Amino acid sequence: MLVLLPLGFTLYRAATFGWGAAMALVFRPLVGELLVNTLAITLCATLASAVIGTTAAWFVERTQLPAHRLWAGLCIAPLAMPAFITSYAWVSLSLSLQDFAGALLVITTAYFPLVYLPVAAALRNMDPALEESARALGCGRAAVFRRVVLPQLRPALLGGMLLVALGVLSEFGAFTLLRFRTFTTQIYAEYRTSFDGGGASVLACLLMLICLLCLALEMRVRGKARYERLDRGARRGVTRYPLGRWRWGVLAGFAALCLATLGVPLGMIGFWLTQKGVAAATPAEVSPTLLLHSTLASLGYGVAAAVVTTLLCASLAFLLVRFPSRLATALERIVFVAQGLPSLIVALAVVSLAVHALRPLYQSATLLVLTYAILFMPLALVSVRAAFAQAQPRLEETARSLGLNWLQTARRVLLPLAGPGFGAAATLVFISVATELNAMLLLSPIGTHSLATQVWSDTSTLAFAAAAPYAALLVGISLGASGLMFALLGKSAVLGGAVSAPHRGHGRWRGGRGRPARGVEGGIARRMKHGQYEA
């Protein structure tokens with residue numbers, strides 16, 4: 001119900017705005033311009049991201065690309081760079097980029113990894129026998145890719161394109177800095193001018209309708225085809241094609257891509273950090289106190305939202321894994337409704353709801369953290385559910401049979417196994433909150449500033465040098481937390497594999513790096529070794 005409140009209140013405010021006033025608002029020439037801009041940038045950015053992401057994934061996963069692991073990491077790294085930071089870098093490089101072409105460049109470089117990741121995973125897991133059969137029948141490489149590989153990539157490609165489209169539709173900070181007007185920028189402007197939220201809610205309903213159309217279109221195009229392997233043979237490694245004379249051209253393309261996605265943002269941040277007396281402010285004029293308070297606010301709200309969101313997801317994830325039912329599935333789908341709603345709409349709905357019904361919570365830290373929980377609960381639920389799924393129920397049953405109560409079983413068996421997954425979920429939420437702009441702008445307590453809001457406010461006044469320290473800290477926090485998340489995800493996979501079967505040749509359970517498991521798992525392992533339990 002917490003997730004459905006913003007959606008329901010947005011529809012309610014739009015319905016009470018008045019039919020005549022709503023029609024006058026919707027049929028203004030400005031709304032037509034916003035519709036064209038929003039649809040054009042969404043379509044072009046989605047197609048460009050699909051082409052770039054698929055091409056990069058193909059060369060990394062299916063060719064003998066030198067240092068392909070390095071290029072794979074560099075293609076994923078832009079996910080840790082917020083889009084408004086990328087726009088800050090490009091705008092500070094040249095103000096001439098404040099148009100459609102500049103917006104397309106910034107948005108594509110920020111969002112193409114959302115296509116690269118699922119497509120690369122699909123290419124890595126695809127059965128190479130399909131391509132070998134096509135080649136044996138006389139198809140060339142281009143025909144094999146078009147007739148065999150591309151159809152197999154359809155679910156991953158369409159899923160990535162859907163994520164890009166929803167991300168572009170909900171983007172606010174980047175478009176504001178680029179001076180490119182879309183529905184999100186106008187919704188914010190409408191709220192700031194009227195404060196009652198009625199007109200903003202009407203425009204928000206139009207934006208939600210476009211998001212729903214994207215979801216329906218993706219389901220329609222994806223269809224009901226099945227893509228899983230039907231055989232149970234051993235999986236072979238994929239064949240990597242030699243690049244030949246195209247090697248240096250491909251390497252140059254990857255270098256240009258990394259320059260646009262990482263080189264320019266990091267380079268411009270470093271450049272503005274060294275400037276003196278430029279762009280209305282200098283790093284020396286930045287208040288150390290404000291810089292410290294902004295950093296602590298970003299870290300504090302990130303940690304608080306990560307803890308609250310992960311705990312809220314724990315009970316639902318446990319219900320989905322251990323006691324699946326129609327009710328659990330319905331609750332899961334309700335949670336994922338927030339994923340299809342732009343964060344600006346959710347934040348505006350929470351503001352209006354607080355003003356009309358929850359006045360004591362208005363502009364409070366509690367309301368801001370709850371809003372973050374609504375926005376990022378789907379991200380945490382995926383990791384928490386996977387963590388519970390990796391912890392085998394028979395270990396809990398064995399622990400209970402040895403006399404442990406449910407609390408001891410959770411502390412000594414379940415949490416050690418699911419802990420890395422919980423940590424990864426909390427870290428993902430932390431990254432999202434620390435780099436989030438919309439909710440912080442609308443819901444932050446009076447006098448509270450974060451790194452994201454400081455970058456936004458300074459860049460809006462062209463104070464690029466003043467924004468540089470905040471941008472540098474924000475990027476550093478995001479990249480550090482991303483590294484921690486990947487480490488926790490890898491540790492979770494190791495633990496999940498370690499408890500899935502006895503170690504061959506020794507007949508006992510082992511933890512990471514070949515060490516014997518300890519605690520209750522070790523007791524179970526010792527009993528299994530002596531034949532008291534069946535392995």
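Quick caveat, the model's predicted, so the values are computed rather than measured.
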Would you sort out whether T366 and S364 count as a side-chain hydrogen bond (donor to acceptor under 3.5 Å, both in side chains), showing the intermediate values?
-> CA-CA 5 Å; T366 301; S364 66; 4.7 Å; no

For L25 and E190, run side chain to side chain contact (heavy atoms under 4.5 Å, CB included): C-alpha distance rounded to whole Å, both residues' side-chain angles, the deciding distance at 0.1 Å, then the answer.
-> CA-CA 11 Å; L25 177 66; E190 191 74 26; 4.2 Å; yes

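- Of the possible polar contacts, none joining the T310 side chain to the V307 backbone as a donor-acceptor pair under 3.5 Å is found.
- Minimum heavy-atom separation, P265 to T86: CG-CG2, 4.3 Å.
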Could you go through the side chain to side chain contact (heavy atoms under 4.5 Å, CB included) check for L273 and I269 one step at a time?
-> CA-CA 6 Å; L273 282 173; I269 291 174; 4.2 Å; yes

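- Annotation: side chain of M81 is in contact with side chain of L266 (closest heavy-atom distance under 4.5 Å).
- Side chain of T185 to backbone of T182: a donor-acceptor contact under 3.5 angstrom is found.
- Counting heavy atoms from C-beta outward, F175 and I41 have side chains that approach closer than 4.5 Å.
- When all heavy atoms of T10 and S201 are compared, the closest pair comes out as O-CB, 3.7 Å.
- Considering only heavy atoms from C-beta on, T261 comes within 4.5 Å of F112 through its side chain.
- I52 has its side chain out of reach of Y116: every pair of non-hydrogen atoms, C-beta onward, lies at least 4.5 Å apart.
- Within the 3.5 Å criterion, the main-chain N or O of T295 finds no donor-acceptor partner in the side chain of S298.
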Step-by-step side chain to side chain contact (heavy atoms under 4.5 Å, CB included) determination, L451 to V455 = CA-CA 6 Å; L451 295 173; V455 172; 5.5 Å; no

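- The aromatic rings of Y372 and Y301 stand perpendicular to each other, their planes meeting at an angle above 60°, with 30° marking the opposite boundary.
- Checking side-chain atoms of T453 against main-chain N and O of S450 turns up a donor-acceptor pair under 3.5 Å.
- Between the side chain of S49 and the backbone N or O of T46 there is no donor-acceptor pair closer than 3.5 Å.
- By the 6.0 Å contact criterion, OH on Y12 is open, its count of non-hydrogen atoms from other residues, nucleotides or ligands being 12 or less.
- Using modelled atom types, no side-chain atom of T309 and backbone atom of A306 make a donor-acceptor pair closer than 3.5 Å.
- A donor-acceptor distance shorter than 3.5 angstrom exists from the side chain of S170 to the backbone of G167, with no hydrogens or angles considered.
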For F183 and I210, what are the C-alpha separation, side-chain angles and deciding distance, and is it a side chain to side chain contact (heavy atoms under 4.5 Å, CB included)?
-> CA-CA 11 Å; F183 269 116; I210 297 176; 4.0 Å; yes

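- In terms of heavy-atom proximity, L166 sits nearest to C211 at CD2-CB, 4.0 Å.
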List the steps and the verdict of side-chain hydrogen bond (donor to acceptor under 3.5 Å, both in side chains) for N438 and S343.
-> CA-CA 7 Å; N438 299 336; S343 59; 2.7 Å; yes

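- One distance of note links CZ of F376 with OG1 of T371; it measures 10.5 Å at 0.5 Å rounding.
- Remark: M161 CE to L47 CG distance equals 5.5 Å, nearest 0.5 Å.
- Heavy-atom minimum distance, F100 versus C44: CZ-SG, 3.9 Å.
- With T448 contributing its side chain and P445 its backbone, the two residues share a donor-acceptor pair below 3.5 Å.
- In terms of modelled atom types and a separation under 3.5 Å, the side chain of T459 and the main chain of W456 share no donor-acceptor contact.
- Contact check for L79 versus L114: side-chain heavy atoms found under the 4.5 Å cut-off.
- One distance of note links CG of L97 with CG of L177; it measures 12.5 Å at 0.5 Å rounding.
- Between M208 and L11 the shortest side-chain heavy-atom distance falls below 4.5 Å.
- Taking all atoms of both residues into account, the shortest heavy-atom contact from L262 to P78 is CD2-N, 4.1 Å.
- Remark: side-chain polar atoms of S87 are paired, donor with acceptor, to backbone N or O of F84 under 3.5 angstrom.
- Between L217 and L213 there is no side-chain heavy-atom pair separated by less than 4.5 Å.
- In this structure, Y88 and F464 have tilted ring planes: the angle between them lies in the 30° to 60° band.
- A45 and V168 get closest at one heavy-atom pair: CB-CG2, 4.1 Å.
- Between I477 atom CD1 and I431 atom CD1 the span is 11.0 Å, to the nearest 0.5 Å.
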With side-chain hydrogen bond (donor to acceptor under 3.5 Å, both in side chains) as the test, would you mind laying out the steps for Y111 and E171 before giving the verdict?
-> CA-CA 11 Å; Y111 282 101; E171 182 59 49; 2.6 Å; yes

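- Separating the CD atom in Q186 from the CG atom in L30 is a distance of 4.5 Å, to the nearest 0.5 Å.
- The CG atom of L442 lies 6.0 Å from the OH atom of Y188; values are rounded to the nearest 0.5 Å.
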